[in-house]
2 protein chains.
Amino acid sequence: MLSVDTTQLLKGVLDLAVLAVLRDDDGYGYDILRRLRTAGLTEIGDASVYGTLRRLFAAGYLTTYVVPSEEGPHRKYYALNPAGRTQLKQGGDVWRGFASTMNTLLRESA
Amino acid sequence: MLSVDTTQLLKGVLDLAVLAVLRDDDGYGYDILRRLRTAGLTEIGDASVYGTLRRLFAAGYLTTYVVPSEEGPHRKYYALNPAGRTQLKQGGDVWRGFASTMNTLLRESA
DNA sequence: TGTGGTACTGCGCATCGCACACTACTGTGC
DNA sequence: GCACAGTAGTGTGCGATGCGCAGTACCACA
């Protein structure tokens, strides 16, 4: 409610983060969650990632395939398709522009 | 819905942006809106700014005083109080950490 | 009189991250 | 055999927040 909340900062950026960690290697939800947490987004919730993956898939940015595992439940892998790569690129540009604007605002203390 | 939406990126950051533009000079809503748009947040909605000001005030980060204007309606000025300055500082730190994490994620293309 | 710019309020909506509960499979230890 | 932890996914509903839009009000100018 008050105080600085990372949750709100994630809005609109989690999509981008998920696309980013899928750029070089396909991944399944649980693994992507670990990648994001390892990367520094330590407070991310599991439901957020699964939800994001479903949204990105519904939006046509990802393809998916199921792989049975010998050490647990099946894994639903996701992979970037061309539209996803375009989105990642565009999103990155928007992010950089936005971040740059914010940095300027925060640092104009002369 | 699809495409890259600046709206979502603002979530949680608008607070910070408003605190930032109030750091050096008090301001009233309409003026703060102009400052933010000038600074680069061109697509920001007026209701967002007014709402944010009310929230920040309710949270105890701002003081306010009304100044009658000779060329239009009265103006409700807002000013940072000590809690607001603390919040600005902390928020800035959180933002920089978060932005740094995202930049790393987006640029790990070897 | 009416049109446009200034300035603020309130209502309701859409998005999205998240907590929580639930299902389900595997391996380990009692 | 059974409880338990770790892995993996789905579905529901909530809360925070930016935004569109309507409404109010004041001023200047034609």
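Just the heavy atoms: all of them, side chains too, but no hydrogens, waters or symmetry mates, feed the values below. First the proteins, then the strands, lettered A, B, ... as listed; each starts at 1. Source: prediction; values computed, not measured.
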(request) Return the value, rounded to whole Å, for the distance between atom OH of B:Tyr30 and atom C1' of C:dT9. (result) 15 Å

(message) Could you measure the distance from the CG atom of A:Asp31 to the NZ atom of A:Lys76? Nearest 0.5 Å is fine.
(response) 15.5 Å

(request) Please name the residue in the list B:Thr7, B:Leu53, B:Leu36, B:Leu14 that meets the side chain to side chain contact (heavy atoms under 4.5 Å, CB included) test with B:Ser48. (result) B:Leu14

(request) With heavy atoms under 4.0 Å as the rule, sort A:Lys11 into base, sugar-phosphate or nothing. (result) base

(message) Measure CG/A:Leu16 against P/C:dG17 and give the value in whole Å, please.
(response) 11 Å

(request) Let me know the distance between CG of B:Leu36 and P of D:dG18, rounded to the nearest Å. (result) 11 Å

(request) Let me know the distance between CZ of B:Arg75 and C1' of D:dT24, rounded to the nearest Å. (result) 18 Å

(message) From the set D:dA8, D:dT10, C:dT15, return the single nucleotide nearest to any side-chain atom of B:Gln8.
(response) C:dT15

(request) Decide whether A:Tyr50 and A:Tyr65 are clustered together by the hydrophobic rule: side chain heavy atoms of Ile, Leu, Val, Met, Phe, Trp, Tyr closer than 4.5 Å, transitively. (result) yes

(message) Any base atoms under 4.0 Å from A:Arg55, or only sugar-phosphate, or nothing? Heavy atoms, all strands.
(response) sugar-phosphate

(request) Quickly work out the B:Tyr78 OH to C:dA7 P distance and round it to whole Å. (result) 14 Å

(request) Hey, could you give me the OH/CG distance between A:Tyr77 and A:Leu62, rounded to the nearest 0.5 Å? (result) 15.0 Å

(message) What is the separation between atom CG on A:Leu33 and atom P on D:dG9, rounded to the nearest whole Å?
(response) 10 Å

(request) Rounded to the nearest angstrom, tell me the gap between atom OH in A:Tyr50 and atom C1' in D:dT12. (result) 17 Å

(request) Compute whether any side-chain donor of one residue and acceptor of the other, for A:Asp15 and A:Tyr61, lie under 3.5 angstrom apart. (result) no

(message) Under the rule for side chain to side chain contact (heavy atoms under 4.5 Å, CB included), what residues qualify as partners of A:Asn103, not counting sequence neighbours?
(response) A:Arg107, B:Trp95

(request) Report yes if a side-chain nitrogen or oxygen of B:Arg34 is closer than 4.0 Å to either non-bridging phosphate oxygen (OP1 or OP2) of C:dA7; otherwise report no. (result) yes

(message) Within the 4.0 Å heavy-atom criterion, would you say A:Gly51 contacts the bases, only the backbone, or no part of the nucleic acid?
(response) nothing

(message) If you only use heavy atoms from C-beta on, which nucleotide in C:dG17, D:dT10, D:dT7 is closest to the side chain of A:Asp15?
(response) C:dG17

(request) Please check if any side-chain donor atom of B:Arg55 sits under 3.5 Å from a side-chain acceptor atom of B:Thr52, or the reverse. (result) yes

Check nucleotides 18-27 of chain C against the protein and report each pair of N or O atoms closer than 3.5 Å, with its distance, or say if there are none.
unit_1 : atom_1 : unit_2  : atom_2 : d
C:dC18 : OP2    : A:Gly45 : N      : 3.3
C:dC18 : OP2    : A:Ser48 : OG     : 2.5
C:dC18 : O5'    : A:Ser48 : OG     : 3.3
C:dT26 : O3'    : A:Glu70 : O      : 3.4

(request) Specify the separation, in whole Å, of atom CG of A:Leu53 and atom P of D:dA8. (result) 14 Å

